[in-house]
Amino acid sequence: MAEAGPEPTREAERAALEKRVHVDLPRVRPEDMVTTQEVDPAPDPRGGRDTDTEFMLRHAGW
């Protein structure tokens, strides 16, 4: 069985991470991650009618 080498120190781990990761990139704030898009409002599914009253009047025996 192969024996593992000594565990890396925190400084060695950080140096290895800095070689793999671009640490010079600017930080993006959460407020800057919001996107917006203008949209048209959806049409009224009832067409402007009071469907509850129409149903009640239709079935009330008028």
Side-chain angles (χ1 to χ4, degrees):
M1 201 157 90
E3 212 172 289
E7 291 193 28
T9 63
R10 281 187 96 78
E11 292 81 22
E13 288 177 355
R14 182 164 180 91
L17 179 64
E18 287 177 355
K19 289 180 184 177
R20 294 190 313 260
V21 178
H22 297 280
V23 292
D24 59 338
L25 297 174
R27 181 174 170 85
V28 179
R29 299 178 315 161
E31 298 86 32
D32 298 335
M33 294 183 196
V34 178
T35 60
T36 58
Q37 180 177 358
E38 296 224 6
V39 296
D40 295 328
D44 183 8
R46 296 180 177 175
R49 297 178 303 179
D50 183 6
T51 54
D52 294 331
T53 303
E54 285 181 14
F55 178 83
M56 195 171 62
L57 291 175
R58 195 175 324 127
H59 297 286
W62 286 91

Using every non-hydrogen atom in the two residues, find where M33 and V28 come nearest and quote the distance to one decimal. CE-O, 3.8 Å

List for me each residue that meets salt bridge (charged side-chain N to carboxylate O under 4.0 Å, His left out) alongside R29, sequence neighbours excluded, and say none if there are none. E31, D32

To the nearest 0.5 Å, how far apart are CZ in R58 and OG1 in T53? 11.0 Å

